Amino acid sequence: MSIAWTPRKPQPPERGAAAVGMLAELPAQDCAAILAFRKWCDGPSGRESVAQDIACTFPGTRAAQEVNAFADLMGLMVSAPRRSIMRHDVACACFGGDEAAFAHMIAAAVAGDREDAMAFALILMQPNAAWQAVLMARGVGLCLLQMTRVTRAVNTPKIH
């Protein structure tokens with residue numbers, strides 16, 4: 001009798017989680033989309049953080065509308081995923097394929113490129129939900145774009 005032992009090979013990351021880049025390399029809007037996505041998926045405290053981030057940019061009623069728009073998009077994604085949507089930890093410096101698809105869907109929707117936005121949405125969601133997500137992504141993207149502009153203006157040193 002012989003016994004053979006084969007060492008276990010490390011498992012590759014789940015589809016969609018493999019790192020594809022670093023957050024620092026992304027445009028501000030894409031980075032904001034990924035961070036909001038991560039926070040939202042982290043649970044109630046993360047959702048509160050997203051709401052506070054939005055409230056720092058928009059006044060009362062408008063902030064509530066923007067938070068609800070983001071919540072609706074996330075709810076649609078969760079209700080009709082093509083497979084498990086993967087994400088990295090909130091503090092992770094890199095980002096995965098699914099996070100990239102989410103950010104690109106939003107950026108393409110804001111740019112008015114609905115075909116590209118749809119292609120990215122189909123990576124994440126079932127076809128029957130993808131078009132609705134593209135339509136929602138435009139508003140969410142405009143919100144994120146405004147947030148990044150306000151953050152950039154606040155953090156830009158004043159030259160006298």
Side-chain angles (χ1 to χ4, degrees), residues 13-58 62-127 129-156:
E14 289 194 47
R15 187 183 326 249
V20 296
M22 303 300 287
L23 288 172
E25 301 168 345
L26 293 175
Q29 180 186 9
D30 292 0
C31 188
I34 290 171
L35 292 175
F37 171 78
R38 287 178 179 179
K39 288 178 184 181
W40 195 267
C41 293
D42 240 12
S45 63
R47 291 178 187 141
E48 181 63 30
S49 177
V50 171
Q52 288 174 356
D53 292 346
I54 292 172
C56 287
T57 303
F58 300 99
R62 173 82 188 275
Q65 291 169 342
E66 298 297 347
V67 170
N68 287 335
F70 190 79
D72 290 345
L73 176 59
M74 295 303 295
L76 180 62
M77 289 179 58
V78 169
S79 70
R82 198 173 60 74
R83 57 170 168 69
S84 293
I85 298 173
M86 305 305 294
R87 65 185 168 85
H88 288 218
D89 186 70
V90 172
C92 188
C94 61
F95 61 93
D98 285 352
E99 293 169 323
F102 179 73
H104 288 314
M105 173 186 71
I106 289 174
V110 168
D113 191 346
R114 290 181 169 181
E115 290 178 4
D116 275 2
M118 183 66 171
F120 289 115
L122 287 168
I123 292 170
L124 302 169
M125 289 167 271
Q126 296 173 12
W131 182 246
Q132 184 64 32
V134 168
L135 297 176
M136 297 165 94
R138 179 169 168 69
V140 167
L142 291 171
C143 169
L144 293 171
L145 189 59
Q146 182 63 26
M147 288 171 60
T148 61
R149 288 178 179 156
V150 167
T151 301
R152 196 175 313 130
V154 168
N155 293 328
T156 301

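Since the model is a prediction, treat every value here as computed from it, not as a measurement. Heavy atoms only: backbone and side chains are in, while hydrogens, waters and symmetry mates are out.
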Has Arg82 got a side-chain atom pairing as donor or acceptor with Leu124's backbone, closer than 3.5 angstrom?
no

Side chain to side chain, Phe102 and Ile123, heavy atoms closer than 4.5 Å
no

Shortest non-hydrogen contact between Gln126 and Pro81, atoms and distance:
NE2-O, 3.3 Å

Write down the atom of Arg138, the atom of Val110, and the distance for their closest heavy-atom approach.
NH1-O, 2.8 Å

Can you see which heavy atom on Phe58 is nearest to which on Ala63, and at what distance?
O-CB, 3.6 Å

Got a salt bridge between Arg47 and Asp42, using NZ or NE/NH1/NH2 to carboxylate O under 4.0 Å?
no

So, the side chain of Ser79 versus the backbone of Gly75: is there a donor-acceptor pair under 3.5 Å, distance only?
yes

Are the side chains of Asp116 and His104 in touch, meaning some heavy atoms are under 4.5 Å apart?
no

Min side-chain heavy-atom separation Ile54-Cys143 under 4.5 Å:
yes

Heavy atoms of Ser49 and Lys39 approach each other most closely as OG-NZ, 3.3 Å

For the side chain of Gln146 and the backbone of Thr57, is there at least one donor-acceptor N/O pair under 3.5 Å apart?
no

Where the side chain of Asp30 meets the backbone of Leu26, is there a donor-acceptor pair that is under 3.5 Å apart?
no

Side-chain touch Pro127/Leu122, heavy atoms, less than 4.5 angstrom:
yes

May I have the step-by-step check of side chain to side chain contact (heavy atoms under 4.5 Å, CB included) for Leu35 and Asp53, ending in yes or no?
CA-CA 11 Å; Leu35 292 175; Asp53 292 346; over 6 Å; no

Of Met77, His88, Arg87, Arg83, the residue whose pairing with Asp98 passes side chain to side chain contact (heavy atoms under 4.5 Å, CB included):
Arg83

Do side-chain atoms of Gln132 reach the backbone of Ala129 as a donor and acceptor pair under 3.5 angstrom?
no

Please report the closest heavy-atom contact between Phe37 and Phe70, naming both atoms and the distance.
N-CZ, 3.9 Å

Could you walk me through whether Cys41 and Met74 satisfy the side chain to side chain contact (heavy atoms under 4.5 Å, CB included) test, starting with their C-alpha distance in whole Å, then the side-chain angles of each, then the deciding distance to 0.1 Å, before giving a yes or no?
CA-CA 9 Å; Cys41 293; Met74 295 303 295; 3.7 Å; yes

Please determine whether side chain to side chain contact (heavy atoms under 4.5 Å, CB included) holds for the pair Ile106 and Gln29, giving the CA-CA distance in whole Å, both sets of side-chain angles, and the decisive distance to 0.1 Å.
CA-CA 9 Å; Ile106 289 174; Gln29 180 186 9; 3.8 Å; yes

Could you check Met125 against Met105 for side chain to side chain contact (heavy atoms under 4.5 Å, CB included), going step by step and ending with a plain yes or no?
CA-CA 11 Å; Met125 289 167 271; Met105 173 186 71; 4.0 Å; yes

Whether Arg114 side chain and Val134 backbone form a donor-acceptor pair below 3.5 Å
no

Minimal heavy-atom distance between Ile34 and Ala103, with the atoms involved, is CG1-CB, 3.9 Å

